[in-house]
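Written out below as structure tokens is the structure these notes cover.
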Amino acid sequence: MTIRPQDTATRDSRRLDGIWDFALDPDGRGRDEHWFAGPLPDARDMAVPASYNDLVPDPAVKNHVGDAWYQRTVRVPRGWAGERIVLHLESATHRATVWVDDVEVVSHEGGYTPFEADVTEHVTPGGTFRLTVVVNNELSFRSIPPGVVEDTEDGRRQTYWHDFFNYAGLHRSVRLHATPHDHVTDVTVVTGLDGSTGTVDWSVRASSQATPTVAAILRDTAGRVVEEGDAALVAGSASGTLTVPDVHRWAPGDGYLYDLEVRIVDGEEVLDSYHQSVGIRTVEVRGTELLINGEPFYVRGFGMHEDHDVIGKGHSDAHLVHDTELLHWIGANSLRTSHYPYSQDVLDHADRHGLVVIDEVAAVGQNMGLGGGIFGAQGYTTFSPETINDESREVHAQAIRELIHRDKNHPSVVLWSIANEPESDTEPAEDYFRPLFALTRELDPTRPVGFVNVMLAPHGKCRVSQFADVLMLNRYYGWYVHTGELAAAERAWTAELEAWAGDGKPIIVTEYGADTLAGLHSEPAEPWSEEYQVAYLEMNHKVFDSIDAVIGEHVWNFADFATKAGVMRVGGNKKGVFTRDRRPKTAAHALRRRWLAADRQG
Ligand code: GCB
């Protein structure tokens, strides 16, 4: 597990982003041939961060299955002599192994969470080293998400059951950073409210030879110290509680953040200093309500994707700022990280902007009754010793551990989603998910837990929703069923939602949407037209407004996004309210009217 690199009084970090050498390895020879031991054969340029798939107009790159090698030379700052030097990768999709010169330093499974290696022994301050990363994009029944690779006459082909393109590469920043040898390894904050007083329970883990003290200093946005405390470091950990009178709460629409500085101190000497932003707020489910700071919260927004032209799933600050501005413009107060953990920059930004986040692991496609949004048997049994089994569940559990470890301190995160549309109407599904819910609650007792239910497992059939604190439903009445027949769709949808409401839990409709080709108009409104998307959303809103237990609406999707090619997708999934290049469809204006009006009513 990692802690994010920072520049502080005691720490320093360098981004290694830019143009790297790159080589595909379709035959899987590179590991045996020790490609890490010298310059990559036939290397071409590749940008980091970015998916590699769309940067070269060649199907061999776009649809590559297997290993892809990245390499660059890194200079270690001269001033880092005597420090602990760490290589940190924010994500490598879906797994990677890393070498420093000829030494293998770390491997990591899972495409959307960070990992690191202490490379102090292998590098020389003032000198350079050859950094090589092999990234592998193969999905299997032991990966999250699952998939199958087959050898065909035309090479290796990958099948997967999620409805977005299987982008791969170094999607987020790579950093080299320096910390003191006595250093903070983890910070956890849990906040509480008692009237106008806030509390911050903090705990710090540290690696230290000595047994010094940990000091915790909480500052407001003006930099004034609000409260401070300290505790002895015993067996690598220290904890305490800070009290904040007249607290400025973190709340939806008001992303107020305090700064918690934790210091390892030995007498007068500060051995390490690390900063953690803190939003003081509470989250609770009561009856059919989701309470933030004790007040009912109605969720408005989108299931999103990290997906852009050219860069694919690569992180870009400019796109993050733009997408957030569009969320504000349209009156959204929240998003779901469908269907994988997003860049930490997205979470930081949501904290600062008071956006609420449903945070999801990459468990998508665990449903052989579905394939990329298309109903129909895939010829496999979902949960079985040969397919998704106990070993897969351990991979899933590890993905949950890494997600919670990474995101536990974000005030914006109010709900964990541990899967999207898995098979959930069978006994094996119930057995698979029971321990995963228990694990999530054990790792984070402070937030509600749920999973996203699929239409194939309606009320009365679903055996997994019993474990969820909040019901999250994806439904396409008027699109995949009752296509173009909004009156029939409305009746069926209302009946289903009323049945779910009987469970007495809050319901968030996490997906509802209609594919819409920007610029296609029709009167009367026909499926695929901009008018139909508007009418479809209006029908849904009428249904939601009639059922008290519905406490949230996330339209699928914020923007059009890339998928694998198929007869159901015309240049990708077109359910976006914005096009892929973020131009508003007519529905954007309709949603904006509804959501801004709701905002005014509070
Ligand atoms: C779903 C999936 C989502 C798809 C969507 C669709 O239920 O959760 O990943 O993109 O349907 O458009 O079919």
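Counting begins at 1 with the first residue of the sequence. Keep in mind the model is a prediction, meaning the values are calculated, not measured. Order of listing sets the numbers, starting from 1, for every ligand and every atom in it.
Ring centroid separation for the pair F383 and Y432 comes in under the 6.0 Å cut-off. Checked against a 6.0 Å centroid threshold, the rings of Y342 and Y112 do not count as neighbours.
Which parts of ligand 1 touch R569 is read off a 4.0 Å heavy-atom cut-off, strictly below it: atoms 6 (C), 12 (O), 13 (O). Atom numbering of ligand 1 starts at 1 in the shown order; those under 4.0 Å from a heavy atom of H339 are 3 (C), 8 (O), 9 (O). Close approach of ligand 1 to N573 is summarised as follows: ligand atoms under 4.0 Å from at least one heavy atom of the residue are 6 (C), 10 (O), 12 (O). Close approach of ligand 1 to N474 is summarised as follows: ligand atoms under 4.0 Å from at least one heavy atom of the residue are 7 (O), 8 (O). In the vicinity of F561, heavy-atom distances shorter than 4.0 Å reach the ligand 1 atoms 10 (O). Listed by number with element, the atoms of ligand 1 under 4.0 angstrom from any heavy atom of Y480 are 6 (C), 12 (O), 13 (O).
A salt bridge links R4 to E90: one of the charged nitrogens lies within less than 4.0 Å of a carboxylate oxygen. Salt-bridge check for R300 with E553: failed, with every basic side-chain N at 4.0 Å or more from each acidic carboxylate O.
Counting heavy atoms closer than 4.0 Å to ligand 1, residue F164 contributes nothing at all. Proximity of D515 to ligand 1, defined as any heavy-atom pair under 4.0 Å, is not found for any part of the residue.
A cation-pi contact, defined as under 6.0 Å to the ring centre and within 45° of the axis, is absent between K575 and F558.
Of the residues R582, R580, K585, the one that meets the salt bridge (Lys or Arg N to Asp or Glu O under 4.0 Å) test with D560 is K585.
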